> 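Pasting in a structure now, in structure tokens, and then I'll have a few things to ask.
Because the structure is a prediction, the values reported are computed rather than measured. Just so you know, residue 1 is the first one in the sequence shown, and it goes up from there.
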Amino acid sequence: MSSTSNNTNNSTTTTTTTSNKNDAHTESNGIFTMTEYKTLSIICDTLFSDDSEIALNEIEALLPKNPKYSDENHKEHQLNILKEYFKRKSSDLDVAGQFLKLIATTKSSSQISDLKTLLGLFSTTGAGIILTGQFSSFVNLPLKSRQQVLSMMKSSSNPIRRQAFKAIVPLVISIYYSVIGQSETSNPNWDAVGYDTPSPPEQIPGEEKLSFIKITSETSLKADVVVIGSGAGGGVTAALLAEAGYKVIVLEKGSYISSNNMTWKESEAFPLLYEQAGTLTSDDLSVNILAGNCLGGGTTVNWTASIRTPDIILEEWRKQCPNAFDSIKFNNALDSVSSRLNVNTIDTVLDGTGSHNKNNRILEQALRDLDADPQPIPRNTKNCDTTQCGSCSMGCRSKSKQSSMVTYLEDCCSKGGQIITNCQAEEITTTIPSAAAAASNGNNTGGQTVHGVIAYVSTPDGLKYRVFIKAHIVVCSAGALHTPTLLLKSRIKNNNIGSNLYLHPVIPIIGEHTQSVELWKGPPMTVISKKYQKVLTNGKNTGSILETPNAHIALSGSNCAFVWEDSFSFKKQMLRARNFSAFISICRDTVPGKIRLDKDGRSPKIQYKLSERDWKSMMPAVEASLRTLIKNGAVEAAIPMNGLKPANQDTIEQYIKSIKSIGYKSNQTVILSAHQMGSCRMGSSKSNSVVNENGESWDVKRLFIADGSVLPSSVGVNPMITIYAISHIIANQIIQLYPLPNTLNQNNVNISGISTTITATNSNSTSNNNDNNNNNNNNNNINDDNINSPTEIAYERDN
């Protein structure tokens, strides 16, 4: 479940003005009306209805084939579980209320407005024919007719109907299989589908050694360097600069979730760890995008794949940036970060001793049958207890995963660096210094120069405090979605900002087996094949790699929306979810998208359409995977394409022909993305890039970017180590270009071995009027004499 996370209730409450307050839906803070809630409830109960009567004749045959059910007591217990499962409607779990609450707290005002329009069409007579093909209102149709309408919509030739299906159905499925009642510890459907309730968090020795600034009022601070973002790019940059003696403050818009407090329940974890709680999509909904939104960013929630940048990619990039991607320099950076992150193949070797889960063993065997050269995936882990693995996507409780949070951010804080969490950077401020000041600061060309950052800290009780940090250097490491968004909000003039967005589009290939696979257990991603990548005549690399995903029950269910025909059949399908395997074909995309500002002027609008060229480049891996799954005993195999029934041994060749014949249509096939790159790319000229080879903005001196957005194009493999390496190089360039000023580094404090909180208070807070004046200044120019005095800092232990 997820979405673009930088909006708040403050930015969405203007969406609806309800004349009748009694019609407001309180769970969504009045954003939606009770009429809209009731409409969505009917849709949800269409998707999951009371199927108890239909199930009566089949229910004994649906008992799991397990010897323990020959015992009458066990059999009766399981029969009761199945009876309750088939009787359970969406409204029994208030899925509609959970849906609207999630949307209201994660989506932008324009996205909320779109959903309100959609719900209006479902409840309208006449105009609703656009969606349903029925003149009568959808909500007034009998249940069977409503189910037929929804099934028709998913594979309709009308893209509006496919989009409407995509806007509602996958999220409803996800919530139905993940929501947990306030007084409950598990979802009531888990026993039926064979999904084990995750164990509660365990206290482990030693918390992260981090130092936080706690903001309790409007505040002004000073630093040598502000790093915006704490993932791979922000973490290594902050650590190297702090080690070099700079006073560093790291801003993270997500929360700090300690390993001790991580929950492995999707409905609890995803809102804490992901953009839009895991529901983030491209603007037309055609690509589902997973992106971290927490301290450590994507490194906290990724699946530990630590693959070095392919030589062919570095060779391509060196043509544009010969210095940054110099072979010796870049490989030294790769070596350095790999050492700090403890990258190894101890648990992934393919000699029979590796700790591969069933899903990866199925992939390994498939690749051997295809002569597709399976290789072990290096992982950034230390002392990993692989018997406890399987929830990497919801964080690592044992701290075995060597994420940015437990490596580079600890390094940063040990050298005096400090972190502010729940802190959304809103604007990078600039100034035009005098000629003398410019020369003394190394800005001999004049023009705009970094001055600081305006940000807002959100508290758990809904308060927001403005923070201004005056800084000598600003490093934007907010990722390929939010770095261009921040630059656009700051009105930095460069036509390349937000362009060249690459997403590594993914097609899942799903198999159903006679035996349990439980793809949510064990190390999630340990085997890779690069056989289906190819070099084009222009020397560029394209095609796909094959790997396996980490998918728990809600994510698995939402990606199976393509088989939904009616409530009963889908519930039956999910009884076999533990027998599903999944491969993922990850494409090195060649046709990029772009980031623009949404209508609210604050949120990223992700404009990306999978090209026909990139779709075709994924097909060899997809076709081979489907065939070998069937060959190796899968009962059925499919990609999540609406309108096609999964293939079996007799229909596999016709199924593949149908995929080719239908081709790619937006919102007909599930396309996923967990990697975002290139939207502020590095280059040799301002005409084709946002930053130079040092990572410094062409337009604003002392503004650097160190994250995946600087990569010149798609990497073609999991990009984490590549992002760490280029950011390592950029951090060292900052040190060389801008030696530490003498005036701003007087308060460095070495805080090692403990977790601390620094409470920042300020009696001379910048007023809202000043904030508005600054935001209305088109050139972002602020004079130094307008800056408040440095904040008084009081140190206290973090309880």
> Hey, does the side chain of Q668 reach the backbone of N642 with a donor-acceptor pair shorter than 3.5 angstrom?
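Pair found, side chain donor or acceptor close to backbone of N642.
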
> For a quick check under 3.5 Å, do R88 and N189 share a side-chain donor-acceptor pair by atom type?
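Yes, N189 and R88 have a side-chain donor paired with an acceptor closer than 3.5 Å.
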
> So which atom in G194 and which in W520 form the shortest heavy-atom distance, rounded to 0.1 Å?
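That would be O-CZ2, 4.1 Å.
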
> Between D283 and K605, is there a donor-acceptor pair closer than 3.5 Å when you use the side chain of the first and the backbone of the second?
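Not a single qualifying donor-acceptor pair exists.
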
> First locate atom CG of L47, then atom CZ of R146, and finally report the distance between them rounded to the nearest 0.5 Å.
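Going from CG on L47 over to CZ on R146, the span is 9.5 Å.
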
> Verify side-chain contact (heavy atoms from CB on, under 4.5 Å) between F138 and L150, making sure each step is shown before the conclusion.
CA-CA 10 Å; F138 175 88; L150 286 180; 4.0 Å; yes

> Name the orientation class of the two ring planes belonging to H25 and Y37 (parallel below 30°, tilted from 30 to 60°, perpendicular beyond 60°).
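Parallel.
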
> Which pairs, with at least one residue in residues 38-53 and sequence neighbours excluded, count as a salt bridge (Lys or Arg N to Asp or Glu O under 4.0 Å)?
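Salt bridge (Lys or Arg N to Asp or Glu O under 4.0 Å) check on residues 38-53 returns D50-K87, D51-K571.
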
> Is a side-chain donor or acceptor of T651 paired with a backbone partner of A647 at a separation under 3.5 angstrom?
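The answer is no, because no donor-acceptor pair under 3.5 Å joins these two groups.
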
> Find out whether S499 and R596 are in side-chain contact, i.e. whether some heavy atom of one side chain is under 4.5 Å from a heavy atom of the other.
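Yes, at least one pair of side-chain atoms sits under 4.5 Å.
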
> Which atom pair, heavy atoms only, marks the closest approach of L93 to P188?
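For L93 and P188, the tightest heavy-atom pair comes out as CD2-CG, 3.6 Å.
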
> Going by the side chain to side chain contact (heavy atoms under 4.5 Å, CB included) test, name the single residue among I595, I606, D598 that passes it with T485.
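Considering I595, I606, D598, a side chain to side chain contact (heavy atoms under 4.5 Å, CB included) with T485 is found only for I595.
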
> Would you kindly say whether S178 and E266 are connected by a side-chain donor-acceptor distance under 3.5 Å?
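Not at all, the side chains of S178 and E266 share no donor-acceptor pair under 3.5 Å.
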
> What closest approach, in Å, do M34 and A24 show between heavy atoms, and which atom pair accounts for it?
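Between these two residues, the closest heavy atoms are CG-O, 3.7 Å.
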
> Counting N and O atoms only, with roles assigned by atom type, does the side chain of D92 sit under 3.5 Å from a partner on the main chain of K89, one being a donor and the other an acceptor?
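Pair found, side chain donor or acceptor close to backbone of K89.
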
> Between I180 and W190, does a side-chain contact (heavy atoms from CB on, under 4.5 Å) hold up when you go through it step by step?
CA-CA 11 Å; I180 299 172; W190 288 349; 4.0 Å; yes

> With no hydrogens and no angle check, is any side-chain donor or acceptor of D589 less than 3.5 Å from a backbone partner on V591?
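No, the answer is negative, given that no donor and acceptor are paired below the 3.5 Å cut-off.
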
> Any chance you could lay out the side-chain contact (heavy atoms from CB on, under 4.5 Å) test for S673 and Y608, step after step, and finish with the verdict?
CA-CA 11 Å; S673 168; Y608 186 96; over 6 Å; no

> Would you please name every residue forming a side chain to side chain donor-acceptor pair (under 3.5 Å) with N288, sequence neighbours left out?
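Counting only residues at least two positions away or on another chain, N288 forms a side chain to side chain donor-acceptor pair (under 3.5 Å) with K166.
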
> State, to 0.1 Å, how close L555 and N550 come at their nearest heavy-atom pair, and which atoms those are.
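Residues L555 and N550, closest heavy atoms: CD2-O, 3.9 Å.
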
> Any heavy-atom pair between the side chains of F86 and I54 that's under 4.5 Å?
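With C-beta onward as the side chain, the pair stays apart.
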
> Tell me, do L115 and F99 make a side-chain contact under 4.5 Å, heavy atoms counted?
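They are in side-chain contact.
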
> Are a donor atom and an acceptor atom from the side chains of D600 and S108 found within less than 3.5 Å of each other?
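No, because no side-chain N or O of D600 sits under 3.5 Å from a partner of the opposite role on S108.
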
> Would you say the side chains of D614 and T590 form a donor-acceptor pair under 3.5 Å?
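Result is yes, a qualifying pair exists.
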
> State whether the side chain of Q163 and the backbone N or O of S286 hold a donor-acceptor pair below 3.5 Å, judged by distance alone.
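Flag not set: sc Q163 to bb S286 has no pair under 3.5 Å.
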
> Between Y177 and F48, is the ring centre distance below 6.0 Å?
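They qualify: ring centres under 6.0 Å apart.
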
> How far apart are the closest heavy atoms of I289 and Q676, and which atoms are they?
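In terms of heavy atoms, the two residues are closest at CG2-NE2, 3.4 Å.
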
> Taking the side chain as every heavy atom from C-beta outward, state whether L280 and L481 have any pair of such atoms under 4.5 Å apart.
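Yes, close enough: below the 4.5 Å cut-off.
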
> Quick one: does S679's side chain have a donor or acceptor within less than 3.5 Å of a partner on A480's backbone?
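Looks like yes, one N/O pair under 3.5 Å.
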
> Using a strict 4.0 Å threshold on nitrogen-to-oxygen distance, state whether E426 and K253 make a salt bridge.
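Result for this pair is no, no salt bridge flagged.
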
> Are the side chain of N579 and the backbone N or O of H513 linked by a donor-acceptor pair below 3.5 Å?
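At least one qualifying donor-acceptor pair exists.
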
> Can you give me the closest heavy-atom contact between S666 and D284, atom names plus distance?
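Heavy atoms only, the tightest pair is CB-OD2, 4.1 Å.
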
> Angle class for the H552/Y195 ring planes (parallel below 30°, perpendicular above 60°, tilted otherwise)?
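Perpendicular.
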
> Quick one: does any side-chain atom of T105 pair with a main-chain N or O of L102 as donor and acceptor, under 3.5 Å?
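Pair found, side chain donor or acceptor close to backbone of L102.
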
> Spell out, as yes or no, whether a donor-acceptor pair under 3.5 Å connects the side chain of Y274 to the backbone of S393.
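The answer is yes, because a donor-acceptor pair under 3.5 Å joins these two groups.
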
> Go through it in stages, so that I can follow the logic: the residues are F580 and N559, the test is side-chain contact (heavy atoms from CB on, under 4.5 Å), and I'd like the CA-CA distance, side-chain angles, deciding distance and then a yes or no.
CA-CA 12 Å; F580 296 167; N559 285 322; over 6 Å; no

> With side chains defined as the heavy atoms from C-beta onward, is the minimum distance between M394 and E268 less than 4.5 Å?
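M394 does not reach E268 side chain to side chain.
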
> Verify the distance criterion only: is there a donor paired with an acceptor across the side chains of S585 and S544 at less than 3.5 Å?
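Short answer, yes.
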
> Do you know which of I129, N140, L141 makes side chain to side chain contact (heavy atoms under 4.5 Å, CB included) with Q134?
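Passing option: L141.
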
> A side-chain contact here means heavy atoms from C-beta on lying under 4.5 Å apart; do Q424 and K464 qualify?
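Answer no - side chains too far apart.
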
> Between S156 and N158, does any side-chain donor sit less than 3.5 Å from a side-chain acceptor?
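Short answer, no.
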
> Can you confirm whether N187 sits close enough to V179 that some side-chain heavy atom of one is under 4.5 Å from a side-chain heavy atom of the other?
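The answer is yes; the side chains approach within 4.5 Å.
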
> To the nearest 0.5 Å, how far apart are CD in Q98 and OG in S90?
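Those atoms lie 11.5 Å apart.
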
> Could you tell me whether Q649 atom CD has more than 12 heavy atoms of other residues or ligands within 6.0 Å of it?
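At most 12 heavy atoms, drawn from other residues, nucleotides or ligands, come within 6.0 Å of this atom.
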
> When you check the side-chain N and O atoms of D114 and T117, is any donor under 3.5 Å from an acceptor?
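Per modelled atom types, D114 and T117 side chains form no pair under 3.5 Å.
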
> Identify each donor-acceptor pair in which a side-chain atom of residues 656-665 lies under 3.5 Å from a protein atom, sequence neighbours left out, and give them as a table.
| unit_1 | atom_1 | unit_2 | atom_2 | d |
| --- | --- | --- | --- | --- |
| S658 | OG | Q654 | O | 3.0 |

> Could you check whether any side-chain heavy atom of L629 comes within less than 4.5 Å of a side-chain heavy atom of F583, counting everything from C-beta outward?
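Answer yes - side chains close enough.
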
> Does atom CD1 of I160 have more than 12 heavy-atom neighbours, drawn from other residues, nucleotides or ligands, at distances under 6.0 Å?
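Not buried by this count: 12 neighbours or fewer within 6.0 Å.
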
